[in-house]
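Working notes, beginning with the structure itself.
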Amino acid sequence: MIYAANFKTNHTRKSTENYIVELNKKLQAKNTEDKVYIFPPSSALGTYEGDFTQGAQNAYAAQNGAYTGEIGVDQLDEFGIKTILIGHSERREYMAETQEKVAAKFAFFKEQGFEIIYCIGEPLEIREKGFESVMQYLLSQFEGIDSTYENLIVAYEPIWAIGTGRSATVEEISTTHRALKKAINEKPLLYGGSAKPANIKEITSIAGVDGVLVGSASLDAESFSQMVLS
Ligand code: PEP
């Protein structure tokens, strides 16, 4: 299983360092075949050691240059970072990343050989229209995306389940993952949306779920490691 912690705009460098010290202690008991990822905010990226991979929540599609407020590949290289989240619904919504922009970013980081965790997910009004609409919406988020890319991991994150405390049901995750798996050439597929210690076992037991992308419940090292060790 894959367990990925997305800190979003939470944690400082100091608290990330403390988190990693605590996490590393807990991860000594982790199954070797499970994989852990940590996505700190840009200001807390560092040269951390442990049984996990550090990734970037975002970066600009450039090696370096005049892109005020952004970081590029040079800044990620400094910490040996070769994993990036692309297409998160918060970036699509708050940072106005259109499918076209997301696809261009994907193409750039693919060219750089990055491992990409590519996020997709439907809003509530689409889910309420039924499964066919959901799949149509999700598949439209693959426009311009090379779903055969060897370093691709997909994260299915229904927007209505993100940060709301309301996870998708087992049935919703199961049917959506089954359909998505076919569409993405059986690439690893994570679920994201209010995953937490109380529901992690249920979620990771669903066929077609290869792991979880966790926001809120990943902010506390104890809670996240409980999930990893579940
Ligand atoms: C996310 O935003 O990737 C996420 C899954 O958040 P949460 O776990 O808080 O729903």
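In this chain, residues are counted from 1 in sequence order. The shown structure was predicted, so the numbers you read here are calculated from the model rather than taken from an experiment. Note that ligands are numbered from 1 as they come in the structure, with each ligand's atoms numbered from 1 the same way.
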Notebook entry, point to check: Is the ring centre of Tyr19 less than 6.0 Å from the ring centre of Phe7?
Noted result: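 Centroid distance Tyr19-Phe7: below 6.0 Å, so yes.
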
Note to self: If you take the centroid of each ring, where Trp contributes its six-membered ring, are Tyr118 and Phe106 closer together than 6.0 Å?
What the structure shows: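 Yes - the distance between ring centres of Phe106 and Tyr118 falls below the 6.0 Å cut-off.
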
Next item on the list: Mind checking the CG-CD1 spacing from Leu180 to Ile120? Nearest 0.5 Å is all I need.
Entry: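 Atom-to-atom, Leu180:CG and Ile120:CD1 are 4.5 Å apart.
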
Hey, which atoms in ligand 1 end up nearer than 4.0 Å to a heavy atom of [X]?
X	value
His88	1 (C), 2 (O), 3 (O)
Gly163	7 (P), 9 (O), 10 (O)
Ser216	7 (P), 8 (O), 9 (O)
Gly193	5 (C), 10 (O)
Ser194	7 (P), 8 (O), 10 (O)

Notebook entry, point to check: To which protein heavy atom is atom 2 (O) of ligand 1 closest, and what is the distance rounded to 0.1 Å?
Noted result: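 Ranked first by proximity to atom 2 (O) of ligand 1 is Lys8 NZ, 2.5 Å.
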
Note to self: So for atom CD, which belongs to Gln63, do other residues, nucleotides or ligands contribute more than 12 heavy atoms lying within a distance under 6.0 Å?
What the structure shows: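 Above 12, so yes.
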
Check: OH of Tyr60: more than 12 outside heavy atoms within 6.0 angstrom?
Finding: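 Incorrect, the count does not exceed 12.
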
Next item on the list: With heavy atoms under 4.0 Å as the rule, classify the contact between Glu157 and ligand 1 as side chain, backbone, both or neither.
Entry: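 Under 4.0 Å from ligand 1, Glu157 contributes side-chain atoms alone.
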
Item checked: For ligand 1, the portion of Ala161 having any non-hydrogen atom under 4.0 Å away ->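 Answer for Ala161: backbone.
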
Margin query: Looking at Asp51 and Lys26, is there a salt bridge between them, counting it only when a charged N and a carboxylate O are closer than 4.0 Å?
Written below: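 No, no charged N to carboxylate O under 4.0 Å.
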
Margin query: Among Ala155, Gly215, Ser89, which one puts a heavy atom closest to atom 4 (C) of ligand 1?
Written below: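 Looking at heavy atoms only, the winner is Gly215.
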
Notebook entry, point to check: How would you list, by chain and number, every residue that makes a ring-ring contact (aromatic ring centres under 6.0 Å, His included) with His177, sequence neighbours excluded?
Noted result: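 Once residues adjacent in sequence are excluded, the partners of His177 under the ring-ring contact (aromatic ring centres under 6.0 Å, His included) criterion are Tyr156.
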
